[in-house]
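Working notes, beginning with the structure itself.
Every heavy atom of this structure was used, including side-chain atoms; hydrogens, water molecules and symmetry mates were not. In this text the structure is predicted, and so the values were computed from the model without any measurement. In what follows, chains carry the letters A, B, and so on, assigned in the order in which the sequence lines appear, proteins first and then strands, with residues in each chain numbered from 1.
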Protein chains: 2
Amino acid sequence: MAEPMYRRIAQELRERIESGILNPGEQLPTEVELVETYGASRNTIRDAVKWLATRGLVESRPGQGTFVTQRFEPFVTTLSADETGLGGSEGEGAYREIRERGRTPSWSQPRVEVQNAPRYIAERLRIPQGTPVITRRQERYIDKQPWSLQVTAYPMDLFTQGATDLMMAKDIPDGAVSYLARTLDLEEVGHRDRILVRPPSEEEAWFFRLPDDGRISVVSLVRTGYRDLGSGPEPFRATFTTFPADRNQFVINSGSVPRALAEPAVDQHFDGSQTSSVRETS
Amino acid sequence: MAEPMYRRIAQELRERIESGILNPGEQLPTEVELVETYGASRNTIRDAVKWLATRGLVESRPGQGTFVTQRFEPFVTTLSADETGLGGSEGEGAYREIRERGRTPSWSQPRVEVQNAPRYIAERLRIPQGTPVITRRQERYIDKQPWSLQVTAYPMDLFTQGATDLMMAKDIPDGAVSYLARTLDLEEVGHRDRILVRPPSEEEAWFFRLPDDGRISVVSLVRTGYRDLGSGPEPFRATFTTFPADRNQFVINSGSVPRALAEPAVDQHFDGSQTSSVRETS
DNA sequence: GCAAATTTGTTCGTATGTATT
DNA sequence: CAATACATACGAACAAATTTG
């Protein structure tokens with residue numbers, strides 16, 4: 001009796017899902033059917049289903065029913081560019097990687113804005129909060145599915161000094177970094193990537209069609225690009241890219257590694273091998 | 001009337017939390033108090049509180065009350081080792097980074113096991129599933145708080161060929177990679193990191209004290225190390241490290257970047273600037 | 001295009017159990 | 001042991017979304 005009834009029901013449904021009796025996309029019995037099957041009240045059945053829904057095992061749709069959640073096939077992005085410029089998560093290298101993997105990239109026209117740097121930009125560019133910066137924002141798709149949201153922030157200086165295309169709401173085909181190299185003789189001597197995981201913003205949840213309970217996080221990739229004016233590396237751009245965490249993986253190569261593009265890893269927990277006994281979710 | 005009552009109540013409580021009227025760790029009014037405040041039934045109040053709990057804003061404790069969730073200060077791990085070997089997420093480099101940041105690392109004695117390679121190991125080492133491998137497993141702490149779980153798998157060959165310490169349940173002070181270099185003249189010519197985000201296993205949820213609803217994911221870092229026997233890079237070890245996603249960030253340096261260790265980034269969404277109107281969570 | 005049937009969503013009331021102080 | 005606070009469970013009614021006839 002330690003286990004409450006709604007949990008026992010949830011467990012049993014869970015086993016039916018994990019053993020493959022109920023396949024992804026399939027409909028669960030309706031609430032009324034479950035009431036009859038388990039001899040519990042409808043509220044208790046609903047508690048059980050909600051327990052499963054919270055854990056992402058099922059999704060309920062009003063007027064239709066409750067369905068086993070569909071998993072996405074993960075997409076792999078290589079953060080380190082190789083000698084040929086393949087990968088790197090940005091610009092043409094990223095799109096080439098997608099094509100190399102047999103899929104089709106597409107992207108929106110950039111939206112350009114001058115805004116007063118909020119904290120997360122100011123910190124990266126080492127400027128006071130509120131300083132005007134140019135931001136270029138783009139939605140990126142794979143096979144027409146929303147894949148990532150990208151925003152890059154540049155100090156206004158770069159525009160003043162002649163990089164006028166930064167303010168144009170059109171693609172820079174060879175990438176903004178090489179445009180800046182061409183135009184201002186500005187060389188990116190290095191960059192630093194930060195990776196963090198956080199709940200989606202409303203905009204992100206909407207764009208990626210994530211459930212509105214924040215259960216699925218986004219991976220936020222922040223790349224700061226540095227130039228050197230003689231006194232050490234100084235940031236001149238910050239790129240913020242977000243990816244839904246449930247269908248993206250990232251790869252970083254270092255030194256000599258196999259030539260082939262990395263395949264998705266099995267997205268699977270490595271539990272305590274044979275050590276752990278049948279410990280159930282308590 | 002479009003918005004159900006429990007959502008309006010949840011919204012109002014949420015605003016009280018986000019505006020700082022209710023601070024992290026503080027207790028919410030009890031259910032009975034909320035019943036009086038909002039003139040709703042206790043079940044409706046509970047629905048509102050559950051809505052907040054699902055999103056990780058509050059946590060309920062039986063017999064005590066409901067409290068605003070405490071956030072952790074993020075810890076930053078540098079995945080790319082610098083010239084001095086600082087960082088790199090493994091072995092002494094990782095512990096040096098922790099000390100450099102003014103915190104204290106500790107770790108468990110490794111647990112060594114010979115097990116039949118499950119799929120996620122077999123795929124990395126490119127061996128058939130079920131082949132025996134040596135696994136070394138370690139818990140790692142920062143300031144006594146659980147920080148990460150690490151498992152490294154090696155092919156049995158390495159042991160057979162003389163790397164007998166791999167099977168000893170004691171620390172290899174300078175790291176297993178340099179031990180293998182010393183003993184077998186095995187050079188790691190490169191490695192590939194994979195980063196993915198997934199719900200915690202039961203063991204992980206327990207070790208990291210994560211809520212049991214799987215709301216907080218773990219970041220899984222998979223590093224495959226390669227050697228070269230003349231026919232291109234071949235994997236000889238696979239290290240799986242998991243970190244709770246809500247309190248860890250990762251940094252990868254490339255080229256010339258500032259010397260100082262990277263500080264945590266503001267873990268904050270960049271919403272559609274001024275574009276988005278007052279769209280509420282629907 | 002509409003009405004009926006189906007299915008989940010919201011809300012109330014009530015009673016009892018369990019954990020903590 | 002008593003008081004407090006959240007957890008579980010039942011029953012009932014009506015609302016809202018969707019599909020079907």
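Of the charged side-chain nitrogens involved, at least one lies within less than 4.0 Å of a carboxylate oxygen, so that A:R111 and A:E139 count as a salt-bridged pair. Using a 4.0 Å cut-off between a side-chain N of Lys or Arg and a carboxylate O of Asp or Glu, B:R8 and B:E3 do not qualify as a salt bridge.
As rounded to whole Å, 17 Å separates atom P of D:dT4 from atom CG of B:L34. The distance between atom CD1 of A:I9 and atom C1' of D:dA9, rounded to the nearest whole Å, is 10 Å.
Residues meeting the salt bridge (Lys or Arg N to Asp or Glu O under 4.0 Å) test with B:R101, sequence neighbours left out: B:E97.
Judged purely by distance below 3.5 Å, without hydrogens or angles, the side chains of A:S108 and A:Q138 never pair a donor atom with an acceptor atom. B:T152 and B:R136 share no side-chain donor-acceptor pair at under 3.5 Å.
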Open item on the list: Using a 4.0 Å heavy-atom cut-off to protein, can you give one letter per nucleotide of nucleotides 1-12 of chain C, 5' to 3': B if the base is in contact, S if only the sugar-phosphate is, - if neither?
Closed with: ------BBBBBB
